[in-house]
There are 2 protein chains.
Amino acid sequence: MATAPEQDLPYDVFSRACPSRATLEHVTGRWGSLTLGALYEGSLRFNELRRRVDGVSEKMLSQTLHALERDGLVHREAQPTNPPRVDYELTPLGREVAERLLALIRSVEGRMDDVLAARRRYDEARPEESPSP
Amino acid sequence: MATAPEQDLPYDVFSRACPSRATLEHVTGRWGSLTLGALYEGSLRFNELRRRVDGVSEKMLSQTLHALERDGLVHREAQPTNPPRVDYELTPLGREVAERLLALIRSVEGRMDDVLAARRRYDEARPEESPSP
DNA sequence: CCGTATCCCTCACGATACTG
DNA sequence: CAGTATCGTGAGGGATACGG
């Protein structure tokens, strides 16, 4: 089980300099992951998205969407109507990534009982390391 | 394609208060994701891990490992030898999660050319909004 | 309705030093 | 080797106000 000789993939997220690390951070980031997850169900408007992703600020949502659009994961469709209407939806690339992401999210959600149990065990074993001098 | 009526899962990462959101952040966080990814190949010692996850500081690695251990994703095996030897490895739960995570990482790595192309297109379309007064 | 601009503050993080 | 302790910084992110 020594480190397998790593196929020489052109992009390696483990190295600090690789651009894939930045994209991975957009995708897995606090708001990026939830945004992609929300859009997987279908296209949404700005404020719909904002309501769906509980807790996100306008600023962060805007910023997140820009990053995802720039990376080619999200498509922005603005209609020049009045009042303005803008829809966001996943690109095919975005769908592909979001699919993996959703699998991860569901996996975590589905095993939360185990996680919570593990936490309780961990915390009990270390009631506190209170320095008692 | 309206929002499907959401099976009433007990844990919903989209709501701010759900504990699953915290765990998702441990898993997808900058260092959490890389740490889980590295451990997927096999158990590693602290400094091996540190070298594998390019750029992580001692402090952040330590902190990350604690969070993952507490969530029951990583097991810490300390041997009371001298010099001390501590191995970290994924728990079965950790393996399950890391598997999904790795699928995501590989997906991103494998599509980086498309991402980079999208970025170039995006940046060209907006050379810069330099205010030129 | 759909954002961008500004202010401001927290806390995540890195650097450094030290212990078992 | 395997960490903990302490401190300083700046980027991340919330609140608010304003523009198209």
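In the text below, chain A, chain B and the rest are named by the order of the sequence lines, each starting its count at 1. As a basis for the values below, the full set of heavy atoms in this structure was taken, side chains included, without hydrogen atoms, waters or symmetry mates.
Close to D:dC1, at under 4.0 Å from its OP1 or OP2, lies no side-chain N or O of B:Tyr88. A:His66 has no side-chain polar atom (N or O) that falls below the 4.0 Å cut-off from OP1 or OP2 of C:dG3.
One atom, CE of A:Met60, and another, P of D:dG12, lie 8 Å apart when rounded to the nearest Å. The interatomic distance linking A:Lys59 (NZ) with C:dC9 (P) rounds to 14 Å, in whole Å. When rounded to the nearest whole Å, the span between CG of A:Leu61 and C1' of C:dC1 equals 14 Å. Across the protein-nucleic acid pair, A:Glu48 atom CD and C:dC1 atom P stand 10 Å apart, rounded to whole Å. Protein atom CD of A:Gln79 is 22 Å distant from nucleotide atom P of D:dG20, rounded to whole Å. What separates CG of A:Leu65 from P of D:dG13 is a distance of 14 Å, to the nearest Å.
No hydrogens or angles considered: a donor-acceptor pair under 3.5 Å links the side chains of A:Tyr11 and B:Asp113.
A salt bridge does not link A:Asp54 to B:Arg21: none of the charged nitrogens lies less than 4.0 Å from a carboxylate oxygen.
Of all nucleotides listed (D:dA2, C:dA15, C:dT6), D:dA2 comes nearest to the side chain of B:Val86.
In this structure, B:Arg76 reaches the sugar-phosphate backbone alone: every heavy-atom distance under 4.0 Å involves primed, P, OP1 or OP2 atoms, never a base.
Both B:Glu58 and A:Asn47 sit near DNA chain C, but only A:Asn47 has its closest nucleotide nearer the 5' end.
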